[in-house]
Novice: 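Questions regarding the structure given below will be posed in turn.
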Amino acid sequence: MTRRVSKGAYLDANQAEACLELWASRKFDTHDIHRILRVPEHAVCRLIQAARDLARMQR
């Protein structure tokens with residue numbers, strides 16, 4: 001039996017930048033981005049929400 005190794009719930013800087021660029025294009029949803037970048041979908045959602053919160057605070 002093989003053991004699955006978790007990648008963790010965090011994105012590195014390159015993945016985060018790519019994620020936000022894909023999201024900003026408005027052509028991809030979180031599921032598409034998670035499949036393209038091979039990262040957990042909940043990490044994609046958390047990053048997008050954090051970016052929204054930061055933008056809201058800067059207004």
Novice: How long is the gap from CD1 on Ile48 to CG on Leu22, to the nearest 0.5 Å?
Specialist: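 Ile48 atom CD1 to Leu22 atom CG measures 9.5 Å (nearest 0.5 Å).
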
Novice: To the nearest 0.5 Å, how far apart are NE2 in His42 and CD in Gln49?
Specialist: 15.5 Å

Novice: What are the two closest heavy atoms between Ala43 and Leu11, and how far apart are they?
Specialist: CB-CD2, 4.0 Å

Novice: Please round to the nearest 0.5 Å and tell me the distance separating atom CG of Asp32 and atom NZ of Lys27.
Specialist: 12.5 Å

Novice: Nearest 0.5 Å, please: how far is SG in Cys19 from CG in Asn14?
Specialist: 12.5 Å

Novice: What closest approach, in Å, do Phe28 and Trp23 show between heavy atoms, and which atom pair accounts for it?
Specialist: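 Residues Phe28 and Trp23, closest heavy atoms: O-CE3, 3.7 Å.
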
Novice: If we check side chain to side chain contact (heavy atoms under 4.5 Å, CB included) with Glu41, which of these qualifies: Arg46, Arg35, His31?
Specialist: His31

Novice: Does Pro40 offer a backbone N or O that forms a donor-acceptor pair with the side chain of His34 under 3.5 Å?
Specialist: no

Novice: Can you tell me how far the CD atom of Glu17 sits from the CG atom of Asp12, to the nearest 0.5 Å?
Specialist: 10.5 Å

Novice: Which residues satisfy the salt bridge (charged side-chain N to carboxylate O under 4.0 Å, His left out) test with Arg52, sequence neighbours excluded?
Specialist: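 So Arg52 forms no salt bridge (charged side-chain N to carboxylate O under 4.0 Å, His left out) with any residue.
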
Novice: Can you list the residues that meet the salt bridge (charged side-chain N to carboxylate O under 4.0 Å, His left out) rule with Asp29, with sequence neighbours excluded?
Specialist: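 With neighbours one apart ignored, the set is empty.
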
Novice: Starting at CD1 of Ile33, measure out to OG of Ser25 and round the result to the nearest 0.5 Å.
Specialist: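 Atom-to-atom, Ile33:CD1 and Ser25:OG are 7.0 Å apart.
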
